[in-house]
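Encoded as structure tokens, the structure appears first; notes follow it.
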Amino acid sequence: MHSIPPLRRRALLQAGAGAAAALAAGPLFAQAPAKVIRIGYQKFNTLNILKGTGQLETALAPAGIQVEWREFLGGSQLAEALSANAIDFGHASDGIGVFQQASGKGLVYLAAESPYPGGVGFLVPKDSPIRTVRDLKGKKVVTGRGYNTQYVLIKALQAAGLSYEDIEPVYILTASDTVAAYQSGSVAAIGLWDPFLAGAQIATDSRLLFDGTGLSGNRTYHFAQPGYARANQETLKTVFAELRKANTWAQANPKQVVDTLAPQLKVEPKVLALATERRQYGVVALTPEIAREQQGLADVFAQLKLIPKPIEVKDAFLNLPIL
């Protein structure tokens, strides 16, 4: 066996150490940028408006990137699709983000939307004897597990001197299931989010018991898988640039928003008009203040054991230069 000269042996050892360090730090080859972005969206949101304008497709065409839009009935289904790599990017409510992080699904926050407290609320029949939140004690109340409605309900009960255990939660998955339970007369109150909240206010003989005002910012967040986000920063820069343009346009043109979305969503214009008039549009970068806001929600869910363990929300904030 031939011996290796000392200098060469040292070089080989250094090369081996460098390779080991590279493996420990991450993959040797970075993920290649995708030529398609698969975007998950729900009815009546800023991504919906962007889809309706067609501007994102135009902006990404020079880079050879196509856009695929996929609609979901709710944020939980969208987040599951994201964690299963069925979509690349999408939005969901504040509660969904907490549940997904606590379950270890690996999703990251990229940006937030402006507060929308009037876009989530609880309805009771117009002739119901329930006049205040305290009157919900011992009653069946419909909400979604991890939904924005659940957090608003918890905060409203606490503000009224009650606890979540003082009501009987009835969990649903979709807005249509919520309305069905309501119309059956088997529950005392239901929690909904726009445009379904606006739709129920118009289509049913209902009264708004309370909304998110003073209880929750009811923000929507934009999520992605961390690997996709890091490998496709230029694409995401374009997405958020176009999203900001769409938000600015929507804020200044509420009637045109209704005209754009009504045929796309197959929702009555008067429903969208009610939802639009109480909304502020705008995508914003993640900040320490937003982290504290979202942490408050996570802490409440952890205290009530609605999530399996406490979490630090800021750990899932991916602060990339994309806004």
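Counting begins at 1 with the first residue of the sequence. In this text, all values refer to a predicted model and were calculated from it rather than measured experimentally.
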If you measure from NZ on Lys35 to CD1 on Ile65, what distance do you get to the nearest 0.5 Å? 5.5 Å
Would Ser216 and Asn218 count as a side-chain hydrogen bond (donor to acceptor under 3.5 Å, both in side chains) if you check the C-alpha gap in whole Å, the side-chain angles of each, and the deciding distance to 0.1 Å? CA-CA 5 Å; Ser216 168; Asn218 185 38; 5.3 Å; no
Quick one: does any side-chain atom of [X] pair with a main-chain N or O of [Y] as donor and acceptor, under 3.5 Å?
X: Tyr147; Y: Leu173; result: yes
X: Arg244; Y: Leu323; result: no
X: Tyr182; Y: Val124; result: yes
X: Arg230; Y: Leu320; result: no
X: Arg219; Y: Glu293; result: no
X: Gln294; Y: Asp94; result: yes
X: Gln101; Y: Glu312; result: yes
X: Gln225; Y: Leu82; result: yes
X: Gln251; Y: Tyr281; result: yes
X: Thr276; Y: Leu272; result: yes

Take the angle between the ring planes of Phe301 and Phe99 and call it parallel below 30°, perpendicular above 60°, tilted in between.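 Phe301 vs Phe99 ring planes: perpendicular.
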For the residue pair Tyr221 and Phe223, categorise the inter-ring angle as parallel (less than 30°), tilted (30 to 60°) or perpendicular (more than 60°). tilted
If we ignore angles and hydrogens, is there a donor and acceptor under 3.5 Å between the side chains of Gln295 and Asp299? yes
Donor + acceptor pair across side chains of Thr287, Glu289 (<3.5 Å): no
Option from Asn148, Asn45, Asp194 for which side chain to side chain donor-acceptor pair (under 3.5 Å) with Tyr116 holds: Asp194
Could you walk me through whether Asn247 and Glu113 pass the side-chain contact (heavy atoms from CB on, under 4.5 Å) check? CA-CA 10 Å; Asn247 284 342; Glu113 291 286 333; 3.7 Å; yes
Do Asp211 and Val120 have side chains that get closer than 4.5 Å, going by heavy atoms? no
